[in-house]
Amino acid sequence: MVPSDQAVEKQVSEEPVLGHQLQSWQCLVSYLCFYGFMAQMRPGESFITPYLLGPEKNFTKEQVTNEIMPVLFYSYLAVLVPIFLLTDYLRYKPVLLLQGLSYVCVWVLLLLGDSVLHMQLMEVCFSVTMAARIAYSSYIFSLVRPALYQRMASYSRAAVLLGVFTSSVLGQLLVTVGHVSFSLLNYITLAFLTFSLGLTVFLKRPKRSLFFNHSAPAHSAAPCELDQMRPRPCPGPGKLGRLLGACRDSFLVRMLSELGHSVRRPQLRLWCLWWVLSSAGYYLVVAYVHILWNVVHPVTDSAQAYNGGADAASTLLSAITSFSAGFVRIRWASWSTLVIAAVTAVQAGLVYFLSVTENIWLCYAAFVLFRGAYQFLVPIATFQIASSLSKELCALVFGINTFLATVLKSSITLVVVDKRVLGLEVRSQFFVYFMYFLVLSVIYLAGAVLGGLQSCQWGPRLPLSCLQRWPQGHRGCHLPLPQAQELRSPWEKTPPTPSVLDGSQGGLQPSAAPLPPDGGTKASLGPSEHEAKTAGSLGGPTHGPPDLYEDAKSGLHCRKEPWAWARGRKAAAA
C-alpha cells in the first residue's frame, strides 16, 4: 500500500522533532552530570579539621569539638524544612544558586575568619549547603520523561561519587606530593566552587515541580501519581459540602491520607526506622572522625595528613557496596531484620575499635569499613521504601525520615557533645556511639528472633475447629498468609498458591463433577458441598475446591487436603 501524502508529511515532520528531543536530552544529561561533578570538587574539605587545629587558626580541640561542630547540626535542623519546601516551590534552580553561594561563603569565612563566632557562622552556611543537596537529587525528575528516571538517577549519582573521589584524591596528592599548605589548598577549593557557581547560572529551570506548580503544563513531566491511586470523593451538597470536598481534594490531605495507609506495611516501617536511627549515628561518626584522627595522630606538617586518602577509599568502597547490594538475592521480607542486625553489629564493633585504637592506619581502615557497611544498606532501604509508593509520597517519606534523623542526631549532640551539658571529649563520644549501635543491633536481633519464633509456632496456634474437621495428626491448618502488598525485591517472585485443580499437590487428581444448584434439597448435598458453603460464609472461596478458607474464630487460614475433597465428591456422586 502506498502511503498517502499526509502520512508522509507527518512522518517527515515527526523525525526532526524526535531527533531534537534526543539531542536535547543528551545535552541536558551531560551538562547536569558535569555540574554535579564540579560541585563536589572541594579538595580542602577533608583537611578542615587539621587546618582549624593547626598554627594557621590555632583553635583548641575543645573549641572545635564542643563549640563549633554542634552548631552544624542545630542549624541544619532549623533550615532543613524551609529549604525542602522552597526547593519545590521555587523549582530547584534558585536553591542550587543558594547552595553555590553558601559554599563560597563557607570557604571565605574559613580563610578570613579568626574567631569562634566566625567559625560558627561558617557551620551555619555549611548546613545550608547540606540541606540544599536535595535540590540536585530531585531536579532531574522534573526535566525528563518518567521512562528516563532510572538512567538519569544512575548518571547523576555516578557523577557525584566520581566528583567526591576525584576531589579527595586531588587534595591528598596536593598535600602529600605537592607539599601544598592547608591555606593554599582552601584557596584552590574556593576557585573550584566559584567555577561551579558560574555553572549553576546556565542550568535550565523546570516549568513544574513535584509538589507545587502542578498547574503549569509540561511536555515531558509525568502526571501526579496520587491522582490515579485513590479516586476523589464527590463533594456533598451545599457550601459546607463543597468546602469539605475541596479540603479532601487538596494535594496535602490526599498525600497524608495515602501516607497513613502506607505506614501499615511492616517492611516499610522497618526500613524507615532503620533510616532514621542508623543515619543519625552514621553522620555523627562521619562528622567527628576527623577530630578523632587528629587526636590519634596529631598533624604538625600538612604532608603527614592522609585524611583525603581515607575519604577517597571510603567513597570508593561505598560505591562498590552500593552497586553490589543490587545483586544480593534473598527474601528481604523474611531476612530484613536479621541483615540489619548483622550490619549494625559490625558497625558497633568498628566504632568501638575507633574509640580505643592508637594506630592511625587502623583507624583509617575502620572508618572505611564503617562507611561501606552503611552504604551497603542505603540502596536496599531506598528500594524497599520506594517500591510501592508514588514519587510524590516517596519524596515526602524520605523528607520525613531525614527530618527525624536530624532531630535525633541534634538531640544526641546537645546531650553528649555540647559543652553546656556533658561536653565529652572525642574518644568518650565514640564510646557513646558504640553503645548506641550496640543497643540498636540487640533490638534488631531480638526482633528477628521473635519473628522467627512466631513463624515456626504451628501446634499452639491450631484452632479447635480444624482439629475436629480432619483426622488427628494431619496438618490441615496454616499460619496467616503474608500480605499481598508486602515489599519484595525485584528478584523475588510470589510463589503460586497450591491448588488441587492444577495438580500441584502431586499425584493425579479426580476431575470434579458440577455442583448441584443452590435450590436443591438438603439431602442431595454431600459433605464437601456443605463444607464449601460453610467456607464461603467464613470468607473462603464460594466455588471450586474449598482448599483454603479462613476460620471464623481463630482468623487463621485452613487448607483442606486433596483426599478430603475427593472423598466429598465421591459421597456426592453416590
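Outside the 6.0 Å centre-distance limit, the rings of Phe383 and Trp271 are not counted as a close aromatic pair. Centroid-to-centroid, the aromatic rings of Phe430 and Tyr433 come within less than 6.0 Å. Between Phe437 and Tyr282, the gap from one ring centroid to the other reaches at least 6.0 Å. Under the 6.0 Å cut-off for aromatic ring centres, Tyr364 and Trp293 qualify, their centroids lying closer than that.
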Between side-chain atoms of residues 68-78 and protein atoms elsewhere (two or more places apart, or another chain), which donor-acceptor pairs fall under 3.5 Å?
{"from": "Tyr74", "atom 1": "OH", "to": "Asp418", "atom 2": "OD2", "distance (Å)": "2.8"}
{"from": "Ser75", "atom 1": "OG", "to": "Val71", "atom 2": "O", "distance (Å)": "2.7"}
{"from": "Ser75", "atom 1": "OG", "to": "Leu72", "atom 2": "O", "distance (Å)": "3.2"}
{"from": "Ser75", "atom 1": "OG", "to": "Ser127", "atom 2": "OG", "distance (Å)": "3.0"}

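Every residue two or more places apart in sequence or in another chain that forms a side-chain hydrogen bond (donor to acceptor under 3.5 Å, both in side chains) with Thr176 is listed here: Gln172. For Tyr444, there are no ring pair (Phe, Tyr, Trp, His ring centres under 6.0 Å) partners, not counting sequence neighbours. Qualifying side-chain hydrogen bond (donor to acceptor under 3.5 Å, both in side chains) partners for Glu62, counting only residues two or more places apart in sequence or in other chains: none. Taking the side-chain hydrogen bond (donor to acceptor under 3.5 Å, both in side chains) definition, one finds that Asn186 meets it with Trp107, sequence neighbours left out. For Tyr187, there are no ring pair (Phe, Tyr, Trp, His ring centres under 6.0 Å) partners two or more places apart in sequence or in a different chain. Tyr103 pairs by the ring pair (Phe, Tyr, Trp, His ring centres under 6.0 Å) definition with nothing, not counting sequence neighbours. Shown here are the side-chain hydrogen bond (donor to acceptor under 3.5 Å, both in side chains) partners of Tyr136, two or more places apart in sequence or in another chain: there are none. For the ring pair (Phe, Tyr, Trp, His ring centres under 6.0 Å) test, residues two or more places apart in sequence or in another chain that qualify with Phe431 are Phe434. Judged as a side-chain contact (heavy atoms from CB on, under 4.5 Å), and not counting sequence neighbours, the contacts of Ala313 are Val368. For Glu67, the salt bridge (Lys or Arg N to Asp or Glu O under 4.0 Å) test picks out Lys419, with sequence neighbours left out.
For the residue pair Trp274/Ser278, the side-chain donor-acceptor check at 3.5 Å is satisfied. Counted by atom type alone, Glu425 and Ser428 present one or more donor-acceptor pairs between their side chains at under 3.5 Å. Thr49 and Asn294 are not linked by any side-chain donor-acceptor pair at a separation below 3.5 angstrom, with hydrogens and angles left out of the test.
For residues 350-370, the set of pairs meeting the salt bridge (charged side-chain N to carboxylate O under 4.0 Å, His left out) definition, not counting sequence neighbours, comprises Glu358-Arg427.
Looking at heavy atoms from C-beta onward, Thr402 lies out of side-chain contact with Val276 at the 4.5 angstrom threshold.
Here the closest non-hydrogen pair linking Ala39 and Leu193 is O-CD2, 4.4 Å.
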